[in-house]
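Data first, discussion second: the structure below is written as structure tokens.
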Amino acid sequence: MTVRLYSTLTGCAEPLHPDVNGVIGIYACGPTVYSRIHIGNARPFVVFSVLKRYLERRGERCRLVINITDVNDKIYDAARAEGVPSTELAERCARQYVEDTDMLGLGRPDAEPKVTDTMDEIVALIGSLIERGLAYPADGDVYFRVAAFPGYGRLSGRNLVDMVPGDDGDLKDDPLDFALWKGYKESEDAWWDSPWGPGRPGWHIECSAMAERELGMGFAVHGGGIDLAFPHHENEIAQSEGAHDGVPFAHVWMHNEMLELSDSKMSKSIGNIALLADVVERWGADTVIAYFMQSHYRSRLPFSDERLRDAEAACDRIRNAVRALDRALGAPEAGESNDPDLMKALVDARQRFHEAMDDDFGTPGAIAAVFDLVRVINQTLDRGRPASGQLREVRLELIGLLDMLGLAGLGDPVDDDAPQDVLDLLAAREAARVEHDFASADALRDQILARGFELRDGPDGPEVYASS
RNA sequence: GGCGACCUGGCGAACUGGGAACGCAUCGGUCUGCAAAACCGACAUGAGUGGGUUCGACUCCCACGGUCGCCUCCA
């Protein structure tokens with residue numbers, strides 16, 4: 001069974017191809033660093049990080065590259081507004097971005113190149129395009145000649161005739177042409193030398209240069225938000241394939257849909273944003289990851305407290321099943337035999353999980369398979385206690401599936417051991433209950449809760465659980 | 001104006017030409033002194049509307065309505 005991913009370029013699910021070294025190269029467009037990233041920016045980070053994780057757990061070798069764009073109009077603007085050098089602002093925001101995404105606990109990409117570290121490659125790429133007649137210098141700027149690249153518009157499904165360009169093209173031969181290099185301006189406090197004079201790269205060219213340096217031409221997956229398909233990715237294709245006489249740049253173009261808040265997409269320009277760090281701080285990494293994974297990456301995803309609450313409840317359901325397994329494993333009386341329903345559920349869950357994931361990264365179906373397993377685990381433990389060996393196998397398998405979704409944290413053992421003062425309160429409550437002094441018992445229960453432990457009165461007496 | 005996508009139960013959300021996953025919420029039950037939590041069970045005879053193709057469509061085609069996206073910075 002092979003993994004297939006829907007490609008915006010072909011409109012179909014395409015099989016993944018490793019490169020000549022057997023590595024699946026994945027390039028995802030990262031943030032432009034001029035402010036802290038919001039929860040919408042986090043979606044591609046999560047999607048592509050988990051994609052890599054899944055492929056690796058499946059036995060593939062991967063290399064994930066997520067760039068950091070640290071030269072851009074907005075960075076100059078934001079730095080000027082703040083009264084700091086643009087390079088300083090970009091560096092600070094880049095650090096902040098790493099910190100914020102680290103909160104998710106999904107690890108780092110294999111490479112996180114910056115534009116400022118790629119100037120040589122960018123200049124060389126532009127030179128190569130000029131040589132081929134695909135680009136032309138104009139008074140310190142360099143522009144890509146869109147009409148000279150035959151495949152232009154294929155990715156975003158538009159033809160040149162229909163396009164209504166802006167009228168900013170004083171120096172351009174054609175309004176559709178776009179900048180590869182922008183000549184130095186007074187208002188910009190950072191610039192680099194080039195054969196066409198001082199200046200800085202246009203938007204788009206940096207990704208062509210970084211992707212090629214890190215992954216070579218013809219890597220497996222290029223992705224990012226769907227709003228980047230045009231013009232950013234369209235222009236990347238034109239630049240990269242133009243400079244290599246049509247050699248394919250990337251095989252699959254994988255785009256995630258947008259988050260939406262109050263029925264319109266979340267975006268910095270509209271201002272309806274929630275910072276990733278705030279959301280993770282409030283809800284926890286597992287809940288945020290589960291929130292993303294419960295919907296398909298190509299679906300628009302509403303963002304609201306209610307959605308996060310749902311995700312949190314879903315996480316709790318899984319945590320509770322793991323906790324129930326651990327309690328059963330820790331119980332003194334051991335079961336003798338394997339439960340046949342549980343054995344079957346284990347096999348089914350694994351199969352359904354992989355079918356869903358291999359079919360265009362169907363994380364909602366994969367999670368559904370996990371929940372089906374969770375239900376059977378609960379049912380089984382409700383009936384009695386199967387053999388320890390089976391419980392351990394089920395636990396291992398469940399955590400394994402969760403790990404492929406970046407949700408292994410849901411299986412972390414919970415320390416339910418209560419400190420002595422809580423145990424004293426518990427004993428006092430039991431004493432009150434024996435006396436039928438329920439007012440005191442309830443007050444003591446509240447005190448225990450305030451100390452961070454829940455009380456659950458079961459058939460075998462009360463148990464304390466660490467509150468989540 | 002050009003291009004495109006989407007419309008599934010109270011909410012969120014999948015798969016699929018022939019049985020409508022999964023989560024949340026709700027309701028009922030087990031347990032409990034009562035709760036809470038946990039667990040179990042129930043919950044769309046129907047998939048925006050109207051046509052068409054088909055033995056059969058939520059699933060394919062057409063129209064209409066609605067929502068949204070891109071065409072300018074945007075994950």
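Only heavy atoms go into these numbers, but all of them, side chains included; no hydrogens, no water, no symmetry mates. Chain identifiers are assigned alphabetically (A, B, ...) following the order of the sequence lines, protein sequences preceding nucleic acid strands; residue numbering begins at 1 within each chain.
Of the candidate nucleotides G33(B), A75(B), C39(B), G33(B) has the atom lying nearest to any side-chain atom of A441(A).
With sequence neighbours excluded, the residues satisfying salt bridge (Lys or Arg N to Asp or Glu O under 4.0 Å) with E430(A) are R433(A). Applying the ring pair (Phe, Tyr, Trp, His ring centres under 6.0 Å) criterion to F219(A), with sequence neighbours excluded, gives H222(A), F249(A). With sequence neighbours excluded, the residues satisfying ring pair (Phe, Tyr, Trp, His ring centres under 6.0 Å) with F178(A) are F144(A), H204(A). Not a single ring pair (Phe, Tyr, Trp, His ring centres under 6.0 Å) links H296(A) to another residue, sequence neighbours left out. Judged as a side-chain hydrogen bond (donor to acceptor under 3.5 Å, both in side chains), and not counting sequence neighbours, D382(A) has no contacts. With sequence neighbours left out, the side-chain hydrogen bond (donor to acceptor under 3.5 Å, both in side chains) criterion links W253(A) to no other residue.
For residues 285-297 of chain A, every residue pair satisfying the salt bridge (Lys or Arg N to Asp or Glu O under 4.0 Å) rule, not counting sequence neighbours, is listed here: D286(A)-R319(A). Among residue pairs with one or both ends in residues 437-456 of chain A, those qualifying as ring-ring contact (aromatic ring centres under 6.0 Å, His included) are H436(A)-F438(A); sequence neighbours excluded.
Across residues 46-55 of chain A, not one residue has a non-hydrogen atom less than 4.0 Å from an atom of RNA chain B.
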Using a 4.0 Å heavy-atom cut-off, write out nucleotides 9-22 of chain B from 5' to 3' as B (base contacted by protein), S (sugar-phosphate only) or - (no contact). --SSSS------BS

Taking only nitrogen or oxygen atoms into account, show me every contact under 3.5 Å that the protein makes with nucleotides 26-29 of chain B, one pair per line with its distance.
none

Intra- and interstrand pairs of RNA chain B - dot-bracket, Watson-Crick/G-U under 3.5 Å, | marks other strand: (((((((..(((.....[...))).(((((.......))))).....(((((..]....))))))))))))....

